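Step one of this worksheet: look at the structure below.
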Amino acid sequence: MKRTSLLLALLLPVLPIAAQPQRLTLDDCREMAVRADKDLDQARTRIEMAGYDRKIALANYFPNISATGAYMYNDRDIALISEEQSALLTGAGTLMQAQLEGAVGAAGQQLSGAMNQAMTQLMTAIQTNPALAQEYMTSPMWQTVLGMLQKVDPSALMGNLPNIADPVNAIGADIDKALHPDLHNVWVGAVTVQQPVFVGGKIIYSNKMAALAEDLAKSKYDLEYAQIVLDVDQAYWQIVSIAGKKRLAESYADLLHALQADVAASVQAGVMTESDALQIKVKANEAEMLLTKAANGLTLSKMLLCQRIGLPLDSEIVLADENLDILPMPQRGMDKSLEDIYADRPETRSLDLATQIYDAKAKVVRADLMPKVALTANYIVSNPNVFNGFQNNWNGGMLNAGVMVNVPLFHGMENMNRYRKAKAEASLYRDQLEDAKEMIELQVTRERKAWDEAVEKLTMAESNLESAEENLRTATLGFEAGVISTNTVLGAQTAWLSAHSDYLDASTELQMAAANLRKAEGTK
């Protein structure tokens, strides 16, 4: 005994535990469907994208600041003078030295000849003039001066010239280098600022369009959401209805089986015939078939709901209202006005937003017909530095600022026709909005009538159900007392089944009518 208990204790944790069905309320199904629906997820993504578009449009109010850098390699340098001019610059000192020496040499020879001629004339004058001869002979100064002049060589004195070739050549080389800037490697940088001042209202209406487009994306999301909620509600209440009919089929089958047992006993007692037993058997088989159809329908309906709420199709679920014999009565609030309905319905909100978007689009296109004014400023630096003799450094840049004005004159009436097209599109959506309002008014009226009819049908079904219950009770007692025939009991049971079925249909129809009316009135 102890060994058996120990074996059971070891095996119990290993045995699989049957999964418990997941219990879901209507709100649970709605929330799960909203999370699982791919179209709704795409609608949320479109809202996010529209929000980014709105932020992009908002950025146009701010200045556009950009930085630009560039590098360029040149395999050849740039020369501002020719090669002949470059050679003249670099050899200017040598040429000037040679020309100076030649000029000085020629001048020295001329001066030497002139001095010799002067000395000859002076000595001749002294020799031919007794007075001068007497003065020369008695004056040691004249003798000394004339002796020194005879010894002087003017050509030798003028030949000792300074060397100007090297410094002049150096200066020429510097000038030649400046006229040959090093542009093999060129670097350029610039910072640009642009600020629109007036663009015909294009930025304002573009921002308005972006904000309206975001609202339009939200409205389309609400439309998808409302449709999903309606589909889930219909699938939910369909399951509740089929589950009720399955229970009804089970009860009907139990009634027939009990009646079948009573008839069989009566046949054995000789009170009833085999024909009565066969009649009951046929009804019992029909009840079993009805129960099978209800069970299959319930399975398929739950699979459909699982698909809508994102669960595996073979998931075991139990709805909160599935086993209720009397469904909760939906409450209908006060009827909303048509204006409130138009404001709450996603369809009318979408068309109204589309109309406003195309009105704004027309104004954006109209802005292209107007002048545009913008401020611009730039700061530019380069290496080599073009502002300081093409030096290879970044020292210094240039700042410039100005105003840019653009006035459109003529382009084949393109912008004018685009403006007219946008106005026509806005008019088109305005007409669609009016048509949608008429259709919504008709839909709301129809759903309100459907609600009233469903309430009345449920009231009648409840009354019929009470009558069928009483009729079945009376027929059963009469049959047991032997004063009621089999056909009468079968008829009472069939009427009981029909009354219960009608009551389930009326209850479900009222729930559907409530869901349709909420959607028609735009109530979440």
Side-chain angles (χ1 to χ4, degrees), residues 45-74 78 181-217 353-354 356-423 425-426:
T45 303
R46 285 192 288 268
I47 293 175
E48 182 180 0
M49 294 168 58
Y52 291 136
D53 288 337
R54 177 179 55 81
K55 294 178 181 179
I56 291 172
L58 183 63
N60 292 324
Y61 282 112
F62 299 95
N64 185 6
I65 303 174
S66 61
T68 305
Y71 167 78
M72 182 174 62
Y73 172 76
N74 300 305
I78 295 177
D182 183 9
L183 298 180
H184 287 293
N185 299 283
V186 179
W187 303 81
V188 178
V191 177
T192 303
V193 180
Q194 293 180 341
Q195 174 62 56
V197 178
F198 176 76
V199 289
K202 191 171 187 177
I203 297 177
I204 296 174
Y205 291 110
S206 294
N207 276 269
K208 184 177 180 180
M209 284 178 60
L212 291 171
E214 185 177 11
D215 293 338
L216 180 60
L353 289 169
Q356 296 182 53
I357 287 174
Y358 278 97
D359 283 336
K361 180 182 178 181
K363 294 176 181 178
V364 169
V365 175
R366 186 184 62 183
D368 293 334
L369 300 171
M370 299 181 181
K372 300 172 183 62
V373 181
L375 300 178
T376 180
N378 301 276
Y379 184 77
I380 304 172
V381 293
S382 65
N383 186 353
N385 190 347
V386 298
F387 306 109
N388 194 13
F390 290 95
Q391 296 183 9
N392 291 326
N393 57 48
W394 296 97
N395 297 332
M398 179 179 69
L399 175 66
N400 60 51
V403 179
M404 181 178 65
V405 180
N406 176 271
V407 181
L409 297 179
F410 180 75
H411 193 255
M413 300 293 290
E414 176 190 3
N415 291 331
M416 179 59 70
N417 290 323
R418 288 172 54 202
Y419 173 69
R420 292 170 178 169
K421 177 184 176 183
K423 293 289 288 183
E425 289 173 332

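Fair warning: this is a prediction, and the values are worked out from it, not measured in the lab. When reading the values below, keep in mind they use all heavy atoms of this one structure, side chains included, and skip hydrogens, waters and symmetry mates.
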Got more than 12 heavy atoms from elsewhere within 6.0 Å of CE, Met398? yes

Are more than 12 heavy atoms from other residues, nucleotides or ligands located less than 6.0 Å from atom OH of Tyr52? no

[atom2] on [Y] to [atom1] on [X], rounded to 0.5 Å:
| X | Y | atom1 | atom2 | value |
| --- | --- | --- | --- | --- |
| Glu48 | Asp53 | CD | CG | 11.0 Å |
| Leu369 | Arg418 | CG | CZ | 9.0 Å |
| Met209 | Gln356 | CE | CD | 12.0 Å |
| Lys372 | Met370 | NZ | CE | 9.5 Å |
| Lys202 | Asp368 | NZ | CG | 4.0 Å |
| Phe62 | Ile203 | CZ | CD1 | 11.0 Å |

Go through Ile357 and Leu216 one step at a time and tell me if the side-chain contact (heavy atoms from CB on, under 4.5 Å) criterion holds. CA-CA 9 Å; Ile357 287 174; Leu216 180 60; 4.0 Å; yes

Determine whether the side chains of Tyr73 and Asn185 contain a donor N or O and an acceptor N or O closer than 3.5 Å. no

Can you name the closest pair of heavy atoms from Gly200 and Ala367 and give their distance? O-CB, 3.3 Å

Hey, are the side chains of [X] and [Y] touching, using non-hydrogen atoms and a 4.5 Å cut-off?
| X | Y | value |
| --- | --- | --- |
| Arg420 | Asn417 | yes |
| Tyr61 | Ile204 | yes |
| Val197 | Leu375 | yes |
| Val186 | Asn383 | no |
| Asn400 | Ile380 | yes |
| Val193 | Asn64 | no |

Please determine whether side-chain contact (heavy atoms from CB on, under 4.5 Å) holds for the pair Val403 and Val373, giving the CA-CA distance in whole Å, both sets of side-chain angles, and the decisive distance to 0.1 Å. CA-CA 7 Å; Val403 179; Val373 181; 3.9 Å; yes

